[in-house]
Structure formats: C-alpha cells, structure tokens
Amino acid sequence: MVSWFEIPVSDMNRAKAFYDTVFQIEIQVQNFEGTLMGWFPWAEGKPGANGSLIQHESYKPSGTEGVLIYFASSDVQNEMDRVEAAGGKILKPKTQISPEVGYMGLFLDSEGNRIALHSRV
C-alpha cells in the first residue's frame, strides 16, 4: 500500500553521498523553490515504493521518532558492510527475524534517521 516515502535530511550532499555509497545507486537531486529532493532510482512495473531524500525546514531527521522504513535487500549484510564507512552507525547488525520471514538490520544514516533493511537470506 506504500506509494511514496520521504527521508528528512539536514545536508543533501552528505545524505546523497551516504545513500549512493550504501546502496550503490545514483540519487538525482532537484530544487523545487528551495525544497531539495533527492530521488531514489525507480522503474515503472518493478516492485517497491518510490521515494526521496528531502531537505526543508519543516522536515527533521530523527533516530527515535516517526515511521521506520525497511529497504528490500538481496542480503542485508551487503548494505550493512557499507554503512559505517559512508558515515552512518549500525544500531542492530544483521539479525534473523524468523526462518520464514528472513533477516533485518537497523542503522542510523548520515543525517541521524533510523533506517532498516530486510532480506530473505
């Protein structure tokens, strides 16, 4: 049911570098009359929701409050191995949820947001 998400950032360049490094992607940044948005790659017809980083005075990063986003992964450990070198902090290493559900990992991004990962292996 999720169709869009926004991750608050304080420094768009730092956040873009973090997510580009951890997920090995290229976020595209646009300025909409003073609101900076960094769009995650997305392709029509592929699974998953689209979303962006967003820098605006009304958006505040948080490591303890708000919604927790889980990004899909082929193996949580792949991204977790890049988190700290990119400027983030691991809060919970790759951990099995259950044999049926798979694994999760939790980290703080470069802006202080809690972000999670999920994989079946």
Side-chain angles (χ1 to χ4, degrees):
M1 293 187 350
V2 175
S3 66
W4 182 260
F5 64 89
E6 294 175 344
I7 299 173
V9 305
S10 300
D11 181 320
M12 183 60 75
N13 291 330
R14 179 179 61 208
K16 177 184 175 345
F18 176 84
Y19 283 94
D20 285 351
T21 299
V22 170
F23 290 109
Q24 297 183 324
I25 58 173
E26 181 67 31
I27 289 177
Q28 302 299 314
V29 177
Q30 300 290 320
N31 187 334
F32 293 98
E33 300 178 7
T35 298
L36 293 178
M37 297 185 79
W39 296 329
F40 285 86
W42 184 76
E44 188 72 40
K46 290 198 175 183
N50 196 9
S52 74
L53 304 175
I54 186 161
Q55 183 178 334
H56 184 271
E57 62 189 28
S58 64
Y59 286 78
K60 306 290 182 219
S62 176
T64 59
E65 300 175 2
V67 174
L68 179 59
I69 296 170
Y70 278 74
F71 283 96
S73 171
S74 60
D75 182 338
V76 166
Q77 197 61 52
N78 294 334
E79 290 81 13
M80 294 297 279
D81 286 344
R82 296 187 287 263
V83 165
E84 290 180 336
K89 178 181 177 186
I90 294 176
L91 298 176
K92 184 175 188 115
K94 181 179 178 180
T95 303
Q96 187 175 50
I97 302 165
S98 75
E100 300 78 29
V101 175
Y103 295 83
M104 62 87 61
L106 184 66
F107 62 88
L108 286 179
D109 70 8
S110 62
E111 306 306 291
N113 293 299
R114 288 178 313 142
I115 302 292
L117 296 164
H118 173 262
S119 65
R120 294 289 183 180
V121 298

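Excluded from the calculations below are hydrogen atoms, water molecules and symmetry mates; all remaining heavy atoms, backbone and side chain alike, are included.
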S.K.: With a 4.5 Å cut-off on side-chain heavy-atom distances among I, L, V, M, F, W and Y, is there a chain of contacts connecting V22 to V29?
M.R.: yes
S.K.: Answer yes or no: is there a side-chain heavy-atom contact under 4.5 Å between I115 and Y19?
M.R.: yes
S.K.: Can you tell if the side chain of L117 reaches within under 4.5 Å of the side chain of F107, non-hydrogen atoms only?
M.R.: yes
S.K.: Quick check, are the ring centers of W39 and F32 under 6.0 angstrom apart?
M.R.: yes
S.K.: Out of curiosity, S119 OG to K94 NZ, how far, rounded to the nearest 0.5 Å?
M.R.: 5.0 Å
S.K.: Is any side-chain heavy atom of E26 less than 4.5 Å from a side-chain heavy atom of K16?
M.R.: yes
S.K.: Rounded to the nearest 0.5 Å, how far apart are CE of M80 and CG of D75?
M.R.: 11.0 Å
S.K.: Tell me whether Y70 is reachable from F18 by hopping between hydrophobic residues (I, L, V, M, F, W, Y) whose side-chain heavy atoms are closer than 4.5 Å.
M.R.: no
S.K.: So with a 6.0 Å cut-off around NZ of K92, is the heavy-atom count from everything else above 12?
M.R.: no
S.K.: Mind checking whether P8 and K60 have side chains closer than 4.5 Å, heavy atoms only?
M.R.: no
S.K.: Should we count CD of E57 as having more than 12 external heavy atoms under 6.0 Å?
M.R.: no
S.K.: What's the shortest heavy-atom distance between F40 and I25, and which atoms?
M.R.: CD2-CD1, 3.7 Å
S.K.: Taking a hydrophobic cluster as the set of Ile, Leu, Val, Met, Phe, Trp and Tyr residues connected by side-chain heavy atoms closer than 4.5 Å, whether directly or through intermediates, do M104 and V83 fall within one such cluster?
M.R.: no
S.K.: Applying a strict under-4.5 Å side-chain criterion to I, L, V, M, F, W and Y, I'd like to know whether F71 and V9 cluster together.
M.R.: yes
S.K.: Just how far is it from atom CD of E6 to atom CD of Q55, taken to the nearest 0.5 Å?
M.R.: 13.0 Å
S.K.: Taking the side chain as C-beta and beyond, is there a heavy-atom pair between I97 and H118 under 4.5 Å?
M.R.: yes
S.K.: What distance do E79 atom CD and S74 atom OG have between them, rounded to the nearest 0.5 Å?
M.R.: 6.5 Å
S.K.: Please report the closest heavy-atom contact between S62 and N113, naming both atoms and the distance.
M.R.: N-OD1, 3.1 Å
S.K.: Evaluate the side-chain proximity of L106 to L68: yes if any heavy-atom separation is below 4.5 Å, no if none is.
M.R.: yes
S.K.: Kindly say whether Y103 contributes a backbone atom to a donor-acceptor pair with the side chain of R120 at under 3.5 angstrom?
M.R.: no
S.K.: Would you kindly confirm whether F23 and V76 end up in one hydrophobic cluster when ILVMFWY residues are joined by side chain heavy atoms under 4.5 Å apart?
M.R.: yes
S.K.: Looking at M37, is its backbone amide N or carbonyl O close enough to the side chain of Q30 to form a donor-acceptor pair, meaning the two atoms are under 3.5 Å apart?
M.R.: no
S.K.: Heavy-atom count around E65 CD within 6.0 Å, excluding the residue itself: above 12?
M.R.: no
S.K.: Which pair of heavy atoms, one from L108 and one from G63, lies closest together, and at what distance?
M.R.: CD2-CA, 3.8 Å
S.K.: What pair of heavy atoms forms the shortest contact from S52 to W4, and how long is it?
M.R.: OG-CZ2, 3.7 Å
S.K.: Looking only at heavy atoms, which two atoms of S110 and A15 are closest? And how far apart?
M.R.: OG-CA, 3.5 Å
S.K.: Enter the distance from I7:CD1 to I54:CD1 here, rounded to the nearest 0.5 Å.
M.R.: 11.0 Å
S.K.: So which atom in R114 and which in L91 form the shortest heavy-atom distance, rounded to 0.1 Å?
M.R.: CG-CD1, 4.1 Å
